Amino acid sequence: MSNFNSLFLVLMLTVALLPIALSEPEDPIQALLKRLNSKRSSPSVQEAAAEAVLERLLPGYVSSFEFKIISDDACGGQSCFLISNYKSLSKNGPQIEVKGSTAVEIASGLYWYLKYWCGAQVSWDKTGGIQIASIPKPGSLPLVKDEGVMIQRPVPWNYYQNVVTSSYSYVWWDWERWEKEIDWMALHGVNLPLAFTGQEAIWQKVFMNYRSSPTIFELSRYRSRFSIVNNESGFNISKEDLNDFFGGPAFLAWARMANLHGWGGPLSQNWLDQQLALQKRILSRMLELGMTPVLPSFSGNVPAALTKIFPSANITRLGNWGSVNANPRWCCAYLLDPSDPLFVALGEAFVRQQVEEQQRNLQRFPIFGILHNLLMVMQTRKRTEPLIFLVHVLFAMTSEYGDVTDIYNCDTFNENTPPTNDPKYISSLGASVFEAMSKGDKDAVWLMQGWLFYSDSSFWKPPQMKNTMPITLPIWELRLSKTGKCGTVLFKINAEALLHSVPFGKMIVLDLFADVKPIWKYSSQFYGTPYVWCMLHNFGGNIEMYGILDSISSGPVDARMSENSTMVGVGMCMEGIEQNPVVYELMSEMAFRSEKVQVLEWLKSYSRGRYGKAVHQVEAAWGILYHTIYNCTDGIADHNTDFIVKFPDWDPSKTSSALPEAHLWYSTEKVINALHLFLDGGNNLSGSMTYRYDLVDLTRQVLSKLANQVYLDAVTAFRQKDVKALDLHSQKFIELVKDIDILLASDDNFLLGTWLKSANKLAKNHLELRQYEWNARTQVTMWFDDTRTNQSSLHDYANKFWSGLLEGYYLPRASTYFHHLLKSLQENENFKIEEWRKEWISFSNKWQAGIELFPVRAEGDALAISEALYEKYFGLKKRKNWQEGSAL
């Protein structure tokens, strides 16, 4: 063929294919949204679910509102809510109409109205609860101006939870508490929540009984290689094997991520069954509200017994994550290599077990679905709660989860470094994870926490994050820019990368720490992968006033408006909830805000809604807090390192060692002034539960920072061999611990007893009672294993400022430490740190195994106690001494 003919043929093919190349293919995210929308409950079910939220929040107001599900087309192609006056106003009829794309949008619109028209606020019970006293009575609700208001979501999703929140916050919850949380989610616009409860029961079925996976039968070809004992019975793992695999209730998150195994276990069958039944109720409610739950999937973490049942399988033992001396009883989990055919078999089986049984049962019992929808519509109008409960019971009895989602979470190598940095291995891992998901659910989308890109940034360089091998894309893979003009042709993709190891649109990354360390900025928008801008904010469920309100109010907008943005959502990914309500109130609003928030003005509205009225001293205090506590810009991940709750384990006699430092990012003097203003406004708010919580929390914050300085004064006196000064400062530190404990005891939300009681409430027998209490006590203290002279490397990671924990645990630890310091000075000897460690570790282990009761009801007047403590430590004379650096 001549060169002319060849060129002519190329030209003709180009002309023929050019319309295909330039026509815009359906965006994978839009296709996913359409598919998820088809899985939602019917409009009538969602409307009834939204009414039920209203009934639980404001009994007696259901008739004052009209709810209606509308299409996204009515919202301009995006999810939205619309608030307007009801067309036919009557004395006893509806006054306000709220329309929304889903029940979540309706609930969000309801809360937007209550917040910005009625001055109300809804926070977690343990952060003061709801403030609804400002809402007028039914029939007198304020009307909306003109045609009303429409609020659109600028991005499709509002994600919620961290994979460890289930252990730090939800572990002891029953359905009553879960119902409140799902209501909170709906009111705050959450439509993509993690749903991790009960997965151990699914794994038990997979490992012990699973039979239906086609891939399992494919493995029969490898019988001689894998030495399958009995192919008919699945993977042949016993209950005893799983006892060593699953962690205890308070440590399940880390057992799931292959950080540890067996610690705090074993799990009783009662626990497994109870949690699975709870998960079904959780999923049922999420679906009724139009949420898309995110279910777990398989990352390669397997029981040790699998190495014996499948001796030729490529299973590697991971390194030590946090155990003292790498104790094999707890550490060094087993990882199945993604290239092994067993990997896909297990992953497929796990996803199928979650999906298939509901479909089969609905085919057998179609009346169930009809009955469920009918009763949901009747729920709030006909008061059929007993029948609704019956439906939930039927759901739990007849199914696993059903086809409730297409989105599955899997976190590979969470705080575990891969065995090789070969990009081909990383890519094969990602491809196998996705293959396992997609074989279990053909429409599966992988949602991955991006924490590994921050926590192990030295490993996850661009070659490991994205591919480096260039290959040619098919012509239909051309993309158009946002402006509609043909952008740069993407002729190269990376073939050996985690992010590009799955088809485009089949992975969504959570930029987990975007409020402090946004990965999207230096990863070219995760190399084109859709991502969710997330606020991490909290570690270990610590109680510490902290935040970056400016980052929250502007970061999501900057990310969404950036060039070539691939942002598809916002998210709240805290390790523990029920703290810093101001942070979560603002962050949840960013799901509906397309422009940056003017924080100072927003805080005035927040303050009025939080306390039900405007109090100028308190508003001024919030202005100070905004520029201090809630303006942490040092880039440090804020684990609470205050010395009361995270007591330094070091030898001050080694003068070459620097003094320990607790995290401090603001002027303590300014925050003391804010506390003074808060107290000044107290007489106007003494009956407010939200004010009481904030006052106790702020007083605690101020006193704990003071205690940090007193501790440093004490160890400095020790180094100067000043016995008198050491005794004075150590006694002052002890006194502060006692005073803070008394303060915390004045509010129900700062009690150790409620945490322990919630654990004990789930126990069905004496053995479970002792085990659950040990789990609850251990998580907030020593956390992981120890020896006689070596505390856990994770001790105090989940520290809490709780009354009972301060006086019962932190105080004895500090007292013994200072006792040993004084003794060493008096006897002119070096500080015997190992003797102190032996004493307090022994004490800790006994305390962890204790069963003594702690109060579950508050005692004392929080305002009076706060005022007295302020005067004691920051009265005119005391403040002068403090400013001059003198002893208090």
Side-chain angles (χ1 to χ4, degrees), residues 164 167-168 171 244 246-266 318-333 414-416 455 538-544 575-576 637 639-651 660 662-663 752 755-756 759 770-802 805-806 808-817 820 833-850:
V164 302
S167 290
Y168 282 132
V171 54
D244 180 61
F246 297 144
F251 302 97
L252 286 175
W254 300 277
R256 293 166 182 168
M257 295 185 292
N259 300 133
L260 52 81
H261 62 91
W263 180 248
L318 296 173
N320 184 25
W321 177 73
S323 170
V324 174
N325 299 331
N327 188 335
R329 188 178 176 188
W330 322 116
C331 96
C332 313
N414 185 75
E415 298 184 3
N416 278 320
S455 66
N538 178 268
F539 294 89
N542 296 163
I543 297 173
E544 163 99 299
E575 290 192 352
H639 302 257
N640 191 333
T641 54
D642 287 345
F643 299 144
I644 289 177
V645 293
K646 190 170 179 61
F647 201 77
D649 178 32
W650 74 302
D651 184 352
H663 187 202
L752 170 65
W755 168 255
L756 299 181
R770 294 299 298 269
Q771 181 191 14
Y772 296 175
E773 176 129 356
W774 183 91
N775 270 253
R777 286 168 175 253
T778 297
Q779 188 201 87
V780 299
T781 54
M782 192 60 78
W783 207 106
F784 207 7
D785 65 343
D786 54 49
T787 66
R788 289 182 67 239
T789 57
N790 288 293
Q791 63 184 337
S792 163
S793 61
L794 293 167
H795 75 94
D796 300 323
Y797 181 93
N799 65 68
K800 303 290 189 294
F801 269 99
W802 285 341
L805 191 57
L806 265 71
Y809 185 83
Y810 299 137
L811 179 62
R813 177 173 61 181
S815 296
T816 58
Y817 182 82
H820 280 273
I833 190 168
E834 287 211 356
E835 292 301 314
W836 170 69
R837 285 173 177 164
K838 287 179 184 178
E839 187 174 340
W840 95 258
I841 291 173
S842 173
F843 166 81
S844 178
N845 294 159
K846 290 176 183 176
W847 189 91
Q848 291 164 244

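Computed from a predicted structure; not experimentally measured. Just so you know, residue 1 is the first one in the sequence shown, and it goes up from there.
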Under the side chain to side chain donor-acceptor pair (under 3.5 Å) rule, collect the residues that match up with [X], sequence neighbours excluded.
X: Tyr810; result: none
X: Ser815; result: none
X: Trp783; result: Tyr168

Are any of the side-chain heavy atoms of [X] and [Y] separated by less than 4.5 Å?
X: Glu839; Y: His820; answer: yes
X: Leu252; Y: Val171; answer: no
X: Leu805; Y: Thr781; answer: yes

Could you point out which residue of Trp321, Trp254, Phe784, Phe246 forms a ring pair (Phe, Tyr, Trp, His ring centres under 6.0 Å) with Trp263? Phe784
Do Trp840 and Tyr817 have their ring centres less than 6.0 Å from each other? no
Run the numbers on Phe801 and Asp642 for side-chain contact (heavy atoms from CB on, under 4.5 Å), then give the verdict. CA-CA 10 Å; Phe801 269 99; Asp642 287 345; 4.1 Å; yes
First locate atom CH2 of Trp774, then atom CZ of Arg770, and finally report the distance between them rounded to the nearest 0.5 Å. 12.5 Å
Nearest-0.5 Å distance that lies between atom CG in Leu260 and atom CG in Leu318: 11.5 Å
Evaluate Asp796 against Arg813 for side-chain contact (heavy atoms from CB on, under 4.5 Å), listing each step before the verdict. CA-CA 12 Å; Asp796 300 323; Arg813 177 173 61 181; 2.7 Å; yes
Report the C-alpha distance between His663 and Glu544 in whole Å, list the side-chain angles of each, state the deciding distance to 0.1 Å, and finish with yes or no for side-chain hydrogen bond (donor to acceptor under 3.5 Å, both in side chains). CA-CA 11 Å; His663 187 202; Glu544 163 99 299; 5.2 Å; no
I'd like to know if the side chain of Asn640 reaches the main chain of Asn542, judged simply by a donor and an acceptor atom lying under 3.5 Å from each other, with no hydrogens or angles considered. no
Ion pair Glu835/Lys838, N-O distance below 4.0 Å: yes
